Amino acid sequence: AQSVTQPDIHITVSEGASLELRCNYSYGATPYLFWYVQSPGQGLQLLLKYFSGDTLVQGIKGFEAEFKRSQSSFNLRKPSVHWSDAAEYFCAVAPAHKLIFGTGTRLQVFP
Amino acid sequence: DGGITQSPKYLFRKEGQNVTLSCEQNLNHDAMYWYRQDPGQGLRLIYYSQIVNDFQKGDIAEGYSVSREKKESFPLTVTSAQKNPTAFYLCASSPPEGQENTEAFFGQGTRLTVV
């Protein structure tokens, strides 16, 4: 069965520090992979997506993610976190035109 | 501006009453989705529709019903059979599968509270 695992429920970083959010997926074929961000009480905004080609994808707000087929991972990174990045982050895989989400990682940023 | 509109943003209902959540999109997308979000559980798929007059159950369809009479609209009814309906509900839409720009666009959500 297709699934997405985000092992970190809550991460706290200092402003200016680097960030890596982990995502592992289970899917038989080459997946479509996504990272979304959600502010409290709001909908989801797409940060970046991977369909094929270059395994390092750039997104909005300075985020990037790397697809590693051998590790079934699609980790999200940012070199320097800003206080406005505090939010919940969701990784998703899209088999057969359905988005399957991980349980999310809540990011807290301290000044 | 193109987008997805969910209404209302907040909804209160008494236990045992059916309630319908609205979702409208003007993106000309074929596919539409309903997700339920609970703390610590991420987003779970309730129903999805890939074309007008057709829809499929997701992972947690029990106690919910949908219709897709128009391309633009995909209303969700939370029935009295749903045992724990209090949650945040998100509607999404996406272009046809296979297009390079395939991604889901989300509405701002409806928070339903049943008392």
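Note that the coordinates shown come from a computational prediction; the quantities given were computed from them, not determined experimentally. Just so it is clear: chains get the letters A, B, ... in the order the sequence lines come, proteins before strands, and each one is counted from 1.
If you chain together hydrophobic residues whose side chains sit under 4.5 Å apart, A:Y25 and A:L76 fall into the same group. Under the 4.5 Å side-chain heavy-atom criterion for Ile, Leu, Val, Met, Phe, Trp and Tyr, A:W35 and A:I60 are members of the same hydrophobic cluster. Under the 4.5 Å side-chain heavy-atom criterion for grouping Ile, Leu, Val, Met, Phe, Trp and Tyr, B:L21 is not connected to B:Y48 through any hydrophobic cluster.
Close approach to chain A, defined as a heavy atom under 4.5 Å from one of its heavy atoms, is seen in no residue of residues 64-82 of chain B. Contacts between residues 101-111 of chain A and chain B, counted as heavy-atom pairs separated by less than 4.5 Å, involve A:F101, A:G102, A:T103.
Within the 4.5 angstrom heavy-atom criterion, no atom of A:Q6 approaches chain B. B:L90 touches chain A through its side chain: at least one heavy atom from C-beta onward sits under 4.5 Å away, while N, CA, C and O do not. With a threshold of 4.5 angstrom between heavy atoms, A:L46 approaches chain B through side-chain atoms but not through N, CA, C or O. For B:Q108, the parts sitting under 4.5 Å from any heavy atom of chain A are the backbone and the side chain alike. B:Q56 does not touch chain A: none of its heavy atoms, backbone or side chain, sits under 4.5 Å away.
Atom CD of B:E62 sits in a sparse spot, with 12 or fewer heavy atoms from other residues, nucleotides or ligands closer than 6.0 Å. A:L56 CG: more than 12 foreign heavy atoms inside a 6.0 Å radius.
Ring geometry for A:F51 against A:Y32 counts as tilted: the plane angle lies between 30° and 60°, on a 0 to 90° scale.
Although no hydrogens or angles enter the test, the distance criterion places no donor-acceptor pair under 3.5 Å between the side chain of B:W34 and the main chain of B:G58. At least one donor-acceptor pair under 3.5 Å links the side chain of B:Q6 to the backbone N or O of B:C91. The main-chain N or O of B:T86 is never found under 3.5 Å from a side-chain atom of B:T113 such that the two would form a donor-acceptor pair.
Screening B:F105, B:Y35, B:F106 against A:Y36 for a ring-ring contact (aromatic ring centres under 6.0 Å, His included) leaves a single residue, B:F106.
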Quiz item: Given the rule in the salt bridge (charged side-chain N to carboxylate O under 4.0 Å, His left out) test, do B:R44 and B:D59 qualify, once you have shown the distances and angles that lead to the verdict?
Solution: CA-CA 7 Å; B:R44 293 181 291 167; B:D59 300 318; over 6 Å; no
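For the pair A:K78 and A:F63, the cation-pi criterion (under 6.0 Å, within 45° of the ring axis) is fulfilled.
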